[in-house]
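FYI, side chains are in, hydrogens and waters are out, and symmetry mates aren't considered; it's all heavy atoms of this structure. Start at 1 with the first residue, then count along the sequence.
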Amino acid sequence: MINIKENEELNKLNHSCAHLLAQAVKHLYPTAKFWVGPVIEDGFYYDIDLGEEVIKEEDLEKIEREMKKCAKDGKKIVRHEITKEEALDQFKDDPYKLDLISRMNEEDTVISCYTQGDFTDLCRGPHVETTKDLKYFKLLKVSGAYWKGDAKNKMLQRIYGVCFGDENALNEHLDMLEEAKKRDHKKLGKELELFMISEYGPGFPFFLPKGMILRNVLENFWYEEHTKEGYEFIKTPIMLSKELWEVSGHWENYRENMYTSAIDEKEFAIKPMNCPGGMLVYKNSLHSYKDLPIRCGELGQVHRHEASGALNGLFRVRTFTQDDAHIFMREDQIEEEIIQLIAFIDRVYGIFGLTYDIELSTRPEDKFIGTIESWNRSESILQEACHKAGHDCKINPGDGAFYGPKLDFHIRDSLGRVWQCGTIQLDANLPERFDLTYIDKDGSKQRPVMLHRVIFGSIERFIGILIEHYGGAFPTWLSPVQVNVIPVNNEYHLDYAREIKSLLEKEKVRVEVDERNEKLGYKMRESQTSKVPFTLILGNHEVEDHTISYRIHGQEETKTVSVDEFLQYIRTVIDDKKLNQDL
């Protein structure tokens, strides 16, 4: 899937199409006022104030027709520059544009606008030459969006769309969106009984029994793989005092995202990150240079305040479990440790069939702690280690954490969509703030350097990504139910089905027997709908020959093998974490 925002030509097309949308809306709804209409990864949107009028999904077709009419006129899209005073006068009746103008920097004495026919908008550009270039577009949906993303502000109407340079590219994109709808993790999470969201806890997901199986398998896998890499594990409290968050810098830099409470007239905060607790664990004992690196892992539950409008299934929640690790090391160990860590992340993503790109996020412009010299040195180390690990990294300026630069791992799923999951953050600042030390070979106290890192990002979000990546049809090792056993006739075949179930359970296979008095065809269809990797069909021949007939999810062919052969086969598929059920 193409990132439209990063593709220069598509960015220009979609930027221009956002203006075309605004022009059409202004024709149909003359009182409309417009906030912003940016290009995003998968198209564009425009936030609109229509007063009391409400645009519904069925109105999008009408707006599209007007957009096509405006495009057919072929008006030139003309850039012109005006002074700030002229802009304030020209848009004096539009509070949204006045707000944008008032927040421009003092040095912006000249403001650019773009005009197409009877429509003018503030914009830096660039745009296509004429509206005739905007032939292949589609409006996708309409939703509500608070002005400036603040729930205290007025709710605006947000119309999403996408534009391509040719019809085939647009149709391919729309087909992909249809496939993505089928894979929506909220839809599949409900159908497959994995998780739920209650009105009593917006942003706080409930994991159902099958979802807990999936979650536990992922967590056990995480512990096993980290044990191989020499990690030790901790658990830190979920609530700690305000003083700790002041030391860490979170109180000053992250306060608006934290939940707080008073205990014994003292202010506490529920942790939004696991890092400060990890610092306290390190400080709990003395460390020698010989002990380093110390790799300390924690599956730690954190809470962060998210605006209600931003909540989205498992993708955007208010509580989640980060697969955190903090690695404490000497300066001479940094490069080797990062190279080893990149190889570890590569191996883990490969098991799930996920490819990725790496991005180096550098020092934020405003909120950061530490010296610029320290930041520059850390950024250089991360970039060099990435190259030595055999990977390129794209620079993402200004998007580092407030305490240090980071390598972000952007995974690509089966539909080509990109998700930011893993991260490696180099931090010399928190060790300084928490006065972390180790005893060097000459007996002197030295300051360790620290890496923060996650691989999944969060358990919840990663599960959501996997649901959509696999379309709910998980590899056997991850699937909550690995085998569904269907007796053709309960009267004659149920005992054998239960015997096979017992044999599979001894092999630690997750298995169910469908004992309902339903027709075989109905049970088979339900097994496919439930996306169980293996469906076993047991009838007269299987009972008599002591065999198993099975069908793999998504396939039409039924195969018959001996019981021992099937047990060995499925054990191999599970143990080797095969992405496909076929060997």
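Side-chain polar atoms of Asp291 and Tyr438 form no donor-acceptor pair below 3.5 angstrom.
Between Ile4 and Ile40, the shortest heavy-atom contact is CB-O, 3.9 Å. Shown here for Gln157 and Glu53, the closest heavy-atom pair between the two residues is NE2-O, 2.8 Å. Residues Lys148 and Asn153 share a closest heavy-atom pair of CB-ND2, 4.0 Å. Among all heavy-atom pairs drawn from Asp413 and Leu415, the shortest one is OD1-N, 2.9 Å.
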Only distances under 3.5 Å count here; give the side-chain donor-acceptor pairs of residues 190-207 to other protein atoms, sequence neighbours excluded, each with its distance to 0.1 Å.
{"from": "Glu191", "atom 1": "OE2", "to": "Lys187", "atom 2": "NZ", "distance (Å)": "3.3"}
{"from": "Ser198", "atom 1": "OG", "to": "Tyr200", "atom 2": "N", "distance (Å)": "3.0"}

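At least one donor-acceptor pair under 3.5 Å links the side chain of Thr362 to the backbone N or O of Gly398. Checking side-chain atoms of Asp427 against main-chain N and O of Leu451 turns up no donor-acceptor pair under 3.5 Å. Remark: the backbone N or O of Gly422 is paired with a side-chain donor or acceptor of Tyr349 at under 3.5 angstrom. Side chain of Asp323 to main chain of Gly457: a donor-acceptor pair is present (N/O by atom type, distance under 3.5 Å, no hydrogens or angles). Under a 3.5 Å cut-off, the side chain of Arg295 and the backbone N or O of Tyr231 do not form any donor-acceptor pair. A distance-only check finds a donor-acceptor pair linking the side chain of Thr319 to the backbone of Val302 [under 3.5 Å]. Using a distance-only test at 3.5 Å, with no hydrogens or angles considered, no donor-acceptor pair links the side chain of Thr423 to the main chain of Asp408.
The aromatic rings of Phe233 and Trp222 sit tilted relative to each other, their planes meeting at an angle between 30° and 60°. The aromatic rings of His326 and Phe328 are tilted relative to each other, their planes meeting at an angle between 30° and 60°. Taking the six-membered ring for Trp and thresholds of 30 and 60 degrees, Phe462 and Phe352 have ring planes more than 60 degrees apart, a perpendicular arrangement.
The number of heavy atoms from other shown groups lying within 6.0 Å of CD (Glu256) is above 12. Residue Asp392 qualifies as open at atom CG: its count of foreign heavy atoms under 6.0 Å is 12 or below. For Glu384, the CD atom counts as densely surrounded, since its 6.0 Å shell holds more than 12 non-hydrogen atoms of other residues, nucleotides or ligands. Open room surrounds CD on Glu336; 12 or fewer heavy atoms of other groups in view lie less than 6.0 Å from it. Enclosure of atom NZ in Lys186 by more than 12 non-hydrogen atoms of other residues, nucleotides or ligands within 6.0 angstrom is indicated.
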Fill in: Residue pair Arg453, Asp324: steps toward the salt bridge (Lys or Arg N to Asp or Glu O under 4.0 Å) verdict
CA-CA 6 Å; Arg453 49 110 292 201; Asp324 257 321; over 6 Å; no
Discussion item. Quick one, Ser444 with Gln446, criterion side-chain hydrogen bond (donor to acceptor under 3.5 Å, both in side chains). Give me CA distance, side-chain angles, the key distance, then yes/no.
Written reply: CA-CA 6 Å; Ser444 63; Gln446 297 296 329; 3.0 Å; yes
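In this structure, His391 and Phe409 have side chains that are not in contact, with every pair of non-hydrogen atoms separated by 4.5 Å or more. Leu466 has its side chain out of reach of His185: every pair of non-hydrogen atoms, C-beta onward, lies at least 4.5 Å apart. The closest side-chain heavy-atom distance from Asn376 to Glu379 is below 4.5 Å.
Ionic pairing of Lys394 and Asp357 is not present here: no N-O contact between side-chain nitrogen and carboxylate oxygen is shorter than 4.0 angstrom. A salt bridge links Lys271 with Glu298: the closest approach of a Lys/Arg side-chain nitrogen to an acidic carboxylate oxygen falls below 4.0 angstrom. Note on Lys388 versus Glu335: salt bridge recorded, some NZ/NE/NH1/NH2 to OD/OE distance being below 4.0 Å.
Separation of atoms OH (Tyr46) and CH2 (Trp35) is listed at 10.5 Å; rounding is to 0.5 Å.
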